[in-house]
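Before any comments, here is the structure.
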Number of protein chains: 2
Amino acid sequence: MASRSYGQYCGVTTAVELIGERWALLIVRDLLVGPRRYTDLKQGLPKIPTNILSTRLKELQESGVVRRVPLLHCGLVYELTPYGRELEPIVLALGRWGFAQMGDPQPDDVVTADSLTMALRTAFRGDAATALPPADYELHVAGSPDGGDVVLRVQVSADGLRIAQVQPAGRPVDPKLGTQASTAGDPELVFAAGPGIRRLISGELTPADAVDQEVLAVVAGDATLLERFAQTFRIEPGVMLVA
Amino acid sequence: MASRSYGQYCGVTTAVELIGERWALLIVRDLLVGPRRYTDLKQGLPKIPTNILSTRLKELQESGVVRRVPLLHCGLVYELTPYGRELEPIVLALGRWGFAQMGDPQPDDVVTADSLTMALRTAFRGDAATALPPADYELHVAGSPDGGDVVLRVQVSADGLRIAQVQPAGRPVDPKLGTQASTAGDPELVFAAGPGIRRLISGELTPADAVDQEVLAVVAGDATLLERFAQTFRIEPGVMLVA
DNA sequence: CCGGATCCGAATCGATACTG
DNA sequence: CAGTATCGATTCGGATCCGG
């Protein structure tokens with residue numbers, strides 16, 4: 001079984017052996033949002049084969065990255081250990097790095113609640129959030145070709161960023177599963193977007209342009225807040241355009 | 001061929017598609033030290049199959065991470081693009097993260113010059129370097145079971161860290177390949193270690209203990225500099241011990 | 001429905017050999 | 001030096017099945 005080892009005594013190599021297998025880091029990404037049940041993970045990673053999911057979860061547990069936690073009368077969840085949670089800055093940095101190379105979505109690409117949550121975290125500008133007044137958004141994104149929208153409640157304040165996942169029909173999701181539902185009151189701005197929201201975050205499009213080109217539509221509330229949103233969530237192209 | 005896609009429109013996913021294949025990030029690690037020829041990479045990654053190396057290099061070029069640069073009359077080298085170089089903080093962070101989980105080396109694990117160079121970079125404490133007087137080390141590490149030692153010239157100053165790879169026999173390596181050979185004069189301390197040097201860097205062992213337990217031996221120069229070395233290169237265990 | 005285990009064809013990886 | 005070519009060993013992907 002050492003045939004699969006890279007044969008080097010090195011920290012990077014060790015890290016890659018722990019989380020470098022296919023799908024592993026995407027499982028970690030989703031668990032960074034909160035504890036998840038097996039079925040949640042499967043839904044959030046629609047293309048993962050179920051045997052791979054269970055194999056990875058077993059490996060990640062053995063590495064001390066993930067923990068299996070039984071819930072009283074409610075099944076069980078997987079969650080990151082403290083050691084696993086230390087991957088957060090790395091996953092966020094990778095998300096920023098990969099963002100630059102995202103083209104347009106493939107025909108059958110989906111946007112899941114967890115991936116969008118992490119995407120907003122990667123794009124979040126703490127400095128802008130403290131400099132600007134707080135804001136409370138509800139963001140709808142067309143998730144998959146097969147209809148399911150992702151709805152996120154996004155609350156920005158000087159304290160930081162809070163994101164809760166909202167069931168398209170009604171109330172925020174199960175409080176037991178980490179995404180706190182203490183989203184009292186109504187959002188100040190409700191808007192809907194497609195995958196083209198990427199071009200707002202990259203700065204390719206101003207909010208006004210985005211609305212004009214219909215990559216974005218204000219559903220309710222104060223449309224001028226779009227400007228603040230665009231300043232709060234931004235990933236600068238940086239060197240990346242050279243590619 | 002989209003069967004290998006993760007099917008998500010997400011920055012993390014994109015990043016993993018670019019550099020998540022087996023061996024890819026280790027190639028990037030070595031290229032972060034400097035441009036490398038095909039043969040150098042093969043030597044630095046002793047267990048990589050040659051077809052995988054050439055496949056990865058092709059993929060990394062297509063992703064704009066790696067560039068192929070012909071050298072006048074001297075073959076050609078691969079080097080990171082500016083976009084690829086943006087992976088540096090990520091690879092360093094991964095190295096620190098993985099460091100915590102490194103046990104003792106497997107019987108046939110090797111330590112290569114490039115991996116050790118990056119390991120020292122991950123462990124480097126800029127704050128300690130500015131607070132302490134400069135220092136100039138030569139570090140010998142037993143690389144592989146089959147004898148080849150890795151020799152590094154490690155120069156620490158308030159300006160930062162400089163590491164050059166030295167041919168065990170004589171002079172520093174080819175200046176054309178990025179590792180500058182301007183290592184004038186003699187090092188202040190020459191010492192030799194095995195893989196147990198990890199326990200010095202983790203703080204498990206003090207320099208005195210390390211010498212006592214023979215994981216480390218002073219070859220020449222001022223032995224008290226070991227203390228400074230241990231303060232300059234350190235990866236705190238952090239939360240990781242819980243695992 | 002939840003939490004997987006099992007089976008099997010397709011694609012990838014690993015080891016070695018070989019070439020311009 | 002810088003890779004291709006080949007081929008068996010693994011792993012992955014997709015589907016199905018199963019116990020609670």
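Each chain gets a letter, A, B and so on, in the order the sequences are listed, and its residues count up from 1.
- The nearest whole Å value for the distance from the CD1 atom in B:Ile52 to the C1' atom in D:dA9 is 13 Å.
- Legend: residues meeting salt bridge (Lys or Arg N to Asp or Glu O under 4.0 Å) with B:Asp109, ordered by chain and number and at least two apart, are absent.
- Here A:Asp30 contributes atom CG and B:Gln8 contributes atom CD; the two are 7.0 Å apart, rounded to the nearest 0.5 Å.
- Note: CG (B:Leu26) to P (C:dG14) measures 11 Å, nearest angstrom.
- Of the possible donor and acceptor atoms, one in the side chain of A:Tyr9 sits under 3.5 Å from a partner among the backbone N and O of B:Gly103.
- Atom C1' of nucleotide C:dA11 and atom CD of B:Glu59 are separated by 13 Å, given to the nearest angstrom.
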Exercise. Would B:Arg198 and B:Glu204 satisfy salt bridge (Lys or Arg N to Asp or Glu O under 4.0 Å), going step by step from the backbone distance to the final call?
Worked result: CA-CA 9 Å; B:Arg198 193 192 117 262; B:Glu204 268 177 86; 3.4 Å; yes
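- For D:dA9, neither phosphate oxygen OP1 nor OP2 lies less than 4.0 angstrom from any side-chain nitrogen or oxygen of A:Arg4.
- The aromatic rings of B:Phe191 and B:Tyr137 sit perpendicular to each other, their planes meeting at more than 60°, with 30° as the lower class boundary.
- Rounded to a whole Å, the NZ atom of B:Lys47 is 14 Å from the C1' atom of D:dT10.
- The C1' atoms of five pairs define one axis at each end of the helix from C:dC1-D:dG20 to C:dG20-D:dC1, and these two axes lie 30° apart (to 10°).
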Exercise. Quick one: what's the B/S/- string for nucleotides 1-6 of chain C, heavy-atom cutoff under 4.0 Å, read 5' to 3'?
Worked result: -SSBBB
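- As rounded to whole Å, 16 Å separates atom C1' of D:dA5 from atom CG of B:Leu53.
- A:Arg56 has a carboxylate O that lies under 4.0 Å from a charged side-chain N of A:Glu59, or vice versa, which qualifies the two as a salt bridge.
- A donor and an acceptor atom, one from each side chain of A:Gln106 and B:Ser5, are nowhere located under 3.5 Å apart.
- A straight line from CZ of A:Arg22 to P of C:dA11 spans 13 Å, rounded to a whole angstrom.
- Without hydrogens or angle criteria, B:Ser63 side chain to B:Val65 main chain gives no donor-acceptor distance under 3.5 Å.
- Remark: C1' of D:dC12 and CD1 of A:Ile27 are 13 Å apart, rounded to the nearest angstrom.
- Distance B:Ile48 CD1 to C:dA15 P: 11 Å, rounded to the nearest Å.
- Judged by a 6.0 Å distance limit and a 45° cone about the ring axis, A:Arg22 is positioned over the six-membered ring of B:Tyr6.
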